[in-house]
Amino acid sequence: MRHATIIKNGSPSFDPFVTRLLCSYAYLGYMADALRLFDNISNPDTFQWNVMIKGYVDKGFFEEAFEFYQLMQFMGVRADNYTFPFVIKSCAGLCSFVEGWKIHCRLIKVGFDLDVYVGNSLITMYAKTGCIDFAEKVFDEMPMRDSVSWNSMIGGYALDGDGWKALLCFQEMMEFGIEADRFSVISALTACSLVKSVKHGMEIHCHVIRCGFPSDVMVQTTLVDMYCKCGNVAFSEHLFNSMFQRNIVAWNSLIGGYALNDHPHEALLTSVEMQERDKINPDAITLVNVLPACAQLRGLSQGKSIHATAIRRGFLPFLVLETAIVDMYAKCGEVRSAEQLFEQMTEKNLISCNAMIAAYVQNGQNKKAMELFHNLEKGSVKPDAVTIASIIPAYAELALLRTGRQIHGYATKNGYSSNTFILNSLIYMYAKCGDLQAAQRIFDSMLFRDVVSWNTIIMAYAIHGFGRTSIEIFTQMQEKGLKPNGSTFVSVLSSCSIAGMVDEGWMYFNSMQQDYNINPQIEHYGCIADLLGRTGDLEKAESFIQDMPLVPTSRIWGSLLVASRNARNIELAESTAERILALEHDNTGCYVLLSNMYAEAKRWEDVDRMRALMKKESLEKTRGCSIIEINSLTCSFFNNDTSHIETNTIREVLDLLSQKIGEGIRTTPIKFKPRDILRTEASLPRSHSVRLAICFGLISTTVGAPILVKKNIRICDDCHHAVKMISKVTGREIIIGDSRIYHHFRDGLCSCGCSTLDVIHSSTSMTLQGYQSRVQMTHH
DNA sequence: GTAGGGTTAG
């Protein structure tokens, strides 16, 4: 009634009823009503302006709050020491350092910067806008500080991610004689989570119990969160169960904690329990916390149902949740669903783009990853360390040294030359691109090496055929006191397999379970299957695969297939190929391997049958191709390729080398019927792509320089032998990277120390692709 | 009438 009269007649600013009504509206958050009343005040005073600005800030309408302040200035109304904390808070809410800084400058002129409330707001504003140095300066120069000043500074450091500084500040505060209250404790506990120091966390926990606020829900929730983030889930559980009252934040903390500590089942169960026990429905944050659990379980159906819940409950669009869903789809192998969601997202930021780049890379879509990376680079958002660490494996997969060096240069240029994540990726990239020395150089240069760094360098030597060196590095790693993890043993067992170290392989397989309490995963079983296959004890290999507690993948059966090929056991090869084709009907390698075995046994009808089958499945034998990089140019050669501009010189060198290494001009390959030989000139080992590439390398590089050739399929026995000889007669080191490992040929010997077989892609357990995904999983 | 706090994506 009175409001209506005021609207009709207008009101002078000094009516105390008007002010009280305005306060009530603002206090209750009825800002539309407050605004209508305010508009009818003829000359609002500073207090009334302040009420409006505070009202908007409290509702989270920072833009409106800031506009009101600007309008106030425009109207010539003097701002007072109460105005500024609200305005500064609105700048913090808008994440606008520039506006905040301008206000700060104005404050200094009018002398309000000495006000403790103003100073405290400035500290938080600078911390929230990412300028911790400014916050520190304000704190240092304050003429007087209260507990809020200290708490703001502790919280500011924690927000900045500098847990140690926050803890130091917390300690300093107490030494100063200021009692830690619940605000200080919450910030200090967040700091403990950041530095993962359960020791400091427990000290603060004791303080909480001593000081008499142990039943504060927020403090308890922060404690639950801290113990989880420090890896102590049991403590969190205990604390959580002893809580008098729990709200959704407490439940979410525990659920997130389970997911963080690789307890996906508990995470999912707890989200159900929350609904049953406390009748609390999941919110968007609950879903964000549960999604990684689905990813860990590769639980696509659970993940999909969470996506559906998010839509049904109206949680979308919500950037954080959408990013978590993209990540879940990617980790469950559903890159297409991840992509669809990403494309539909109305808002994107660096984190969501990074998630999509990683999604592509994890699923082998490296070209798309690079495309997104380049688009990001062209835009206004600058890639960060995570972007670069995510994209490097895509360049590694390309296996081109030139582009690999480019991305290394890019990382350095962007100031990440000492970032452990990135350097780990670079070690992998150089190893994958064939430059083992560069990989070693990076490892040597690192100031801080983590488990991933060691795992990667061990794997680097393994994929270059130096299994024994790998094991030596593993010993060094243990001597340095680093605790190996599951990925370490993938590297170690791969090394044993590559070097043919059977006894050691078994020893490490047992040791990882007994000494390190690590359950072997499919990759570890793969390594042992491969190792057993190598010993030629097919029965043992077969029974190992059949008895293993996990379902064998096609890759694991591939180890047995190669083993049966080596032992020329056609029956076993046939039955194993059947198992592989049941899992992967388009596995070209299987058909080609069987066909070659039949040819060796002169079973031409079966050879024809294989060819017919491949035709029926529309499969084509992978065309052998070799790549060599000369003066930043990439040259590809196919078998019997004559398209290169230097083809005549290459041929001359080829003939010369053939003579020198004692090969006849024409040898009859075993794999073709006599009448097919003319037709299959291209398949003569003498003109295999790898030799053409080597010859081109010999004439295009300085005498004595090493030659690096990459091949898409495995090098054949003939070429493997020939390259040994070529390395001897030319005195060059020749490095050949095939689909399995790198061979270092020097002075008539090869690093791999064993003969190889051709064409079979997914045959071994230690292919780089598999390792890459593990490395990435460890990263994120 | 002012300032500081817990769960959240790569």
Side-chain angles (χ1 to χ4, degrees), chain A residues 19-20 22-23 26-27 46-48 50-51 53-55 57 80-89 92 112 115-125 127-128 146-156 158-159 181-190 193 216-226 228-229 247-257 259-260 283-292 315 318-328 330-331 345 348-359 361-362 383-387 389-390 421 776 779-780:
Chain A
T19 307
R20 241 180 292 146
L22 192 70
C23 284
Y27 178 76
T46 302
F47 183 88
Q48 288 159 335
N50 287 353
V51 171
I53 298 173
K54 180 181 190 300
V57 169
D80 64 6
N81 55 321
Y82 286 96
T83 317
F84 288 109
F86 307 140
V87 183
I88 295 165
K89 199 172 178 180
F112 281 139
D115 183 286
V116 70
Y117 283 86
V118 171
N120 294 345
S121 334
L122 282 171
I123 295 173
T124 303
M125 183 274 294
K128 283 193 176 156
D146 61 7
S147 65
V148 180
S149 321
W150 284 94
N151 290 345
S152 305
M153 206 55 234
I154 300 167
L159 205 65
D181 60 11
R182 41 205 285 281
F183 290 96
S184 347
V185 157
I186 288 169
S187 295
L189 286 172
T190 310
S193 305
D216 183 291
V217 187
M218 280 197 192
V219 171
Q220 296 234 296
T221 305
T222 317
L223 279 165
V224 167
D225 183 58
M226 180 275 296
C228 283
K229 293 223 169 92
N247 57 19
I248 192 153
V249 182
W251 281 100
N252 286 348
S253 301
L254 187 67
I255 295 168
L260 189 74
D283 65 1
I285 308 296
T286 316
L287 305 192
V288 169
N289 281 322
V290 169
L291 282 161
F315 293 153
F318 173 34
L319 185 59
V320 175
L321 182 52
E322 285 162 317
T323 307
I325 301 172
V326 165
D327 185 56
M328 175 278 298
K331 296 210 168 105
M345 280 165 67
K348 287 170 194 166
N349 64 3
L350 183 60
I351 300 181
S352 58
C353 290
N354 286 349
M356 196 60 230
I357 290 174
V361 175
Q362 280 159 14
D384 69 355
V386 180
T387 324
S390 305
F421 278 167
Q776 277 164 1
H779 270 179
H780 300 307

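Throughout, a chain's letter reflects where its sequence line sits, starting with A, and its residues are numbered from 1.
- The residue A:T221 sits close to a base: some heavy atom pair falls under 4.0 Å.
- No donor-acceptor distance shorter than 3.5 angstrom exists from the side chain of A:D225 to the backbone of A:S253, with no hydrogens or angles considered.
- Within the nucleic acid shown, A:V217 comes within 4.0 Å of at least one base atom, counting heavy atoms only.
- Taking a centre distance below 5.5 Å and an interplanar angle below 30 degrees as the stacking criterion, A:Y117 stacks against the six-membered base ring of B:dT2.
- Closest approach of A:K128 to A:A92, counting heavy atoms only: CD-CB, 4.2 Å.
- Between the CG atom of A:L223 and the C1' atom of B:dT7 there is a distance of 14 Å, given to the nearest Å.
- Between the CH2 atom of A:W251 and the P atom of B:dT8 there is a distance of 17 Å, rounded to whole Å.
- The residue A:D225 sits close only to the backbone: its heavy atoms come under 4.0 Å of sugar-phosphate atoms, none of a base.
- By the side-chain hydrogen bond (donor to acceptor under 3.5 Å, both in side chains) test, A:W150 pairs with no residue at all, sequence neighbours left out.
- The aromatic ring of A:F47 is not stacked on the base of B:dG1, since the criterion of ring centres less than 5.5 Å apart with planes inclined by under 30° is not met.
- Rounded to a whole Å, the CD1 atom of A:I248 is 14 Å from the P atom of B:dT7.
- Between A:L350 atom CG and B:dA9 atom P there is a gap of 15 Å when expressed in whole angstrom units.
- Residue contacts shown for A:D115 are absent, as no nucleic acid heavy atom lies under 4.0 Å away.
- OP1 or OP2 of B:dG4 sits under 4.0 Å from a side-chain N or O of A:K89.
- In this structure, A:T222 reaches the sugar-phosphate backbone alone: every heavy-atom distance under 4.0 Å involves primed, P, OP1 or OP2 atoms, never a base.
- Using a 4.0 Å heavy-atom cutoff across all strands shown, A:V288 reaches sugar-phosphate atoms only and no base atom.
- Residue-level contact check: A:F86 touches the backbone only, with heavy atoms under 4.0 Å from sugar-phosphate atoms and none from bases.
- An OP1 or OP2 oxygen of B:dT8 is reached within less than 4.0 angstrom by a side-chain nitrogen or oxygen of A:K229.
- Between A:T387 and A:D384 the shortest side-chain heavy-atom distance falls below 4.5 Å.
- The CG-P distance, from A:N247 to B:dT7, rounds to 12 Å in whole Å.
- The distance from atom CG of A:L189 to atom P of B:dG4 is 20 Å, rounded to the nearest whole Å.
- One interatomic measurement links the two molecules: CD1 of A:I154 to C1' of B:dG4, which rounds to 10 Å at whole-angstrom precision.
- Rounded to whole Å, atom C1' of B:dT7 lies 15 Å from atom CE of A:M226.
- Under the rule for a side-chain contact (heavy atoms from CB on, under 4.5 Å), the partners of A:S149 that lie at least two apart in sequence or sit in another chain are A:V116, A:N120, A:F139, A:M142, A:R145, A:D146.
- Residue A:L319 is in base contact, counting any heavy-atom pair closer than 4.0 Å across all strands shown.
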